[in-house]
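Chain naming here is simple, since letters A, B, ... match the order of the sequence lines and numbering starts at 1 in each. For clarity, every value in this text was computed on a predicted model and none was experimentally measured.
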2 protein chains.
Amino acid sequence: MSSTPDESTPDKYPLRSVGRALDVLEALGAGDSKGMGVGEIAAAIGVSRSTAFTLLQTMVARGFVADTRVGNGRLYRLGLALVHLGDRAVAEMGITQIATPILQQLTDATKLTSRLAVLDDGHAVAIGRVDAPGPFRMMSSLGRRELPHCSSVGKALLARLPQDEVKAILKRLGMPRRTEHTLTTPAALIEELKVIAERGYSLDNEEDNIGVLCVGAAIYDRNSAAVAAISVTTMKRADEDVHRLGAIVRAHADRISLLLGGPAHAALPSPR
Amino acid sequence: MSSTPDESTPDKYPLRSVGRALDVLEALGAGDSKGMGVGEIAAAIGVSRSTAFTLLQTMVARGFVADTRVGNGRLYRLGLALVHLGDRAVAEMGITQIATPILQQLTDATKLTSRLAVLDDGHAVAIGRVDAPGPFRMMSSLGRRELPHCSSVGKALLARLPQDEVKAILKRLGMPRRTEHTLTTPAALIEELKVIAERGYSLDNEEDNIGVLCVGAAIYDRNSAAVAAISVTTMKRADEDVHRLGAIVRAHADRISLLLGGPAHAALPSPR
DNA sequence: AACTATGTTCTGCATAACAGAACGCAAGAA
DNA sequence: TTCTTGCGTTCTGTTATGCAGAACATAGTT
């Protein structure tokens with residue numbers, strides 16, 4: 001399965017029309033505008049207009065895509081059926097319900113946007129969020145796959161994985177440079193992961209966006225596996241502040257771990 | 001288009017495999033358990049195991065479905081790609097960003113769970129939510145289609161629609177009795193909609209669930225169209241409390257309307 | 001060790017899904 | 001007005017695609 005030799009056709013999935021339907025959804029999700037026309041979608045996913053139309057019709061009938069007449073044309077956008085499924089997908093990961101109240105407390109204590117994330121196929125994916133109060137608000141989207149090497153939650157989770165798994169993930173996803181502070185070699189990152197595993201919190205210090213600092217900490221279940229991580233996002237600030245934040249984030253992560261029946265970071269069985 | 005006479009084959013969509021793929025997602029979303037097996041899914045949507053398997057494989061490859069090995073078998077559940085799409089679907093309705101802070105204020109002021117909803121194909125659909133503080137929490141899911149005749153947000157929105165449109169929706173969706181307090185005739189509901197349009201807030205007074213009371217109010221855009229509604233959910237309580245709540249909810253809805261460039265309820269141009 | 005209940009692969013046929021062309025419609029230009 | 005352009009939508013023939021059922025594999029059970 002994992003040793004499939006031919007990777008020449010990575011976009012060929014068993015069911016072509018289903019794959020294309022998913023392409024449509026992703027195209028609509030990636031669309032920066034507030035809706036796309038049939039032709040636009042057809043071009044985006046590389047099919048004829050009639051094919052795109054049939055796909056859209058099917059999904060409109062089911063509420064996965066919504067359409068609006070506008071003048072002559074028609075604009076398609078993501079339907080509300082997806083809201084339900086997304087909500088359920090998050091709910092099915094039991095962590096969310098338990099973590100959200102603590103996340104709220106973390107945001108109350110720090111006045112910062114806090115997030116809950118898991119590792120999905122090596123990527124860091126946010127599945128919960130509590131926005132900071134006030135008008136200044138970081139744009140943070142749920143469910144988007146983020147590269148783990150330049151994200152605080154990603155690093156917090158990688159720090160608890162066996163070293164060869166980390167290497168495999170980094171090799172598969174790559175470590176593209178996002179800013180001048182991004183760690184771009186496995187060796188450098190693995191070195192930092194050791195510090196993180198020891199200290200109990202991770203940093204993204206302008207490694208993904210200049211001026212943006214994130215502080216993360218892992219959450220452990222009853223098997224002491226790091227099943228999720230939380231983080232807060234803020235502007236770059238002084239080191240002493242950062243360490244104070246780290247302690248706060250770690251403390252809140254610990255409280256979630258305890259609710260899950262897992263150990264706090266200080267009580268972890270295996271040092272790595 | 002809207003007068004399609006033949007409704008004999010409501011389950012026949014142009015693309016069979018795509019329809020079935022959506023069936024799979026809905027089955028997984030409706031699944032009460034924490035995952036389903038291939039056979040279980042096949043039975044749920046009425047296809048052979050091999051067909052279900054192929055469908056699942058396609059969607060797993062794209063992250064729309066997640067799978068976990070468990071002993072011999074394998075459990076499938078909704079994938080995190082849906083979280084992103086659901087989040088985007090909500091974000092594309094610009095109201096959410098504007099309304100959420102006010103929703104938070106409403107919850108702070110009332111200590112109750114508050115929700116933001118729109119009308120989708122006649123149904124009331126929640127697209128935003130702020131949970132009440134404390135351990136007592138109403139179970140409220142996002143994106144699920146709810147019947148408008150027994151929901152406070154549904155009624156708040158229907159109250160601003162032309163009467164024939166209301167009748168059409170009620171006829172199409174029906175008005176099933178949910179509790180002994182449910183209004184089950186169009187005439188009775190339309191009578192109450194007049195009161196709601198006048199008063200500026202709507203009630204669901206144990207009409208959907210015994211013991212549960214919701215108070216809703218509509219939000220108006222710059223064209224004075226009711227584009228959304230908000231509500232709070234609470235336990236049944238005394239009438240004077242209810243009216244006090246109504247005023248609070250209406251005031252918060254008005255503040256959202258003003259942010260959208262629309263009129264407050266008291267400043268509405270056409271009385272109905 | 002046989003048995004059962006899973007998930008997975010294989011195979012051949014019917015039909016469903018595709019592309020391209022034709023059509024309808026509305027808005028803007030001449 | 002009339003022509004033109006750009007949409008969305010419908011039609012139609014051909015192809016290969018997706019389907020069911022059976023065969024295979026694997027792990028837990030008696």
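- Taking atom CG of residue A:D67 and atom P of nucleotide D:dC7, one finds them 18 Å apart after rounding to whole Å.
- Rounded to an integer number of Å, the gap from CD of B:E40 to P of C:dT8 is 15 Å.
- Atoms CD (B:Q57) and C1' (C:dT9) sit 10 Å apart, rounded to a whole Å.
- Using a 4.0 Å cut-off between charged nitrogen and carboxylate oxygen, A:K167 and A:E165 do not count as a salt-bridge pair.
- Minimum atom distance to the side chain of A:R16 is reached by D:dG18, of the listed C:dT8, D:dG18, D:dT9.
- Contact check on A:D121 versus A:R172 returns a salt bridge, with a Lys/Arg side-chain nitrogen under 4.0 Å from an Asp/Glu carboxylate oxygen.
- Looking at A:D23 and B:R62, a side-chain N of the basic residue comes within less than 4.0 Å of a carboxylate O on the acidic one, giving a salt bridge.
- Side-chain atoms of B:S50 and base atoms of D:dA20 include a donor and an acceptor less than 3.5 Å apart.
- Rounded to whole Å, the distance from CG on B:L56 to C1' on D:dG18 is 15 Å.
- Residue whose closest nucleotide on DNA chain D sits further toward the 5' end, between A:G39 and A:S17: A:G39.
- Using a 4.0 Å cut-off between charged side-chain N and carboxylate O, B:E26 and A:R88 make no salt bridge.
- Regarding A:L15, its CG atom lies at a distance of 12 Å from the C1' atom of C:dA17, rounded to whole Å.
- The B:T51 side chain lies nearest to D:dA20 when the options are D:dT10, C:dT9, D:dA20.
- Of the candidates D:dT9, C:dT8, C:dA19, the closest approach to any side-chain atom of A:V47 belongs to C:dA19.
- Distance A:L75 CG to C:dA26 P: 17 Å, rounded to the nearest Å.
- Put simply, the side chain of A:R49 and the base of D:dG8 share a donor and an acceptor less than 3.5 Å apart.
- Between B:F53 atom CZ and D:dC24 atom P the separation is 18 Å, expressed in whole Å.
- Contact annotation: B:R74 does not reach the phosphate of C:dG7 (side-chain N/O to OP1 or OP2, under 4.0 Å).
- At least one side-chain nitrogen or oxygen of B:R20 sits closer than 4.0 Å to the OP1 or OP2 atom of D:dA20.
- Between B:R144 and A:D87 no salt bridge is recorded (no basic side-chain N to carboxylate O distance below 4.0 Å).
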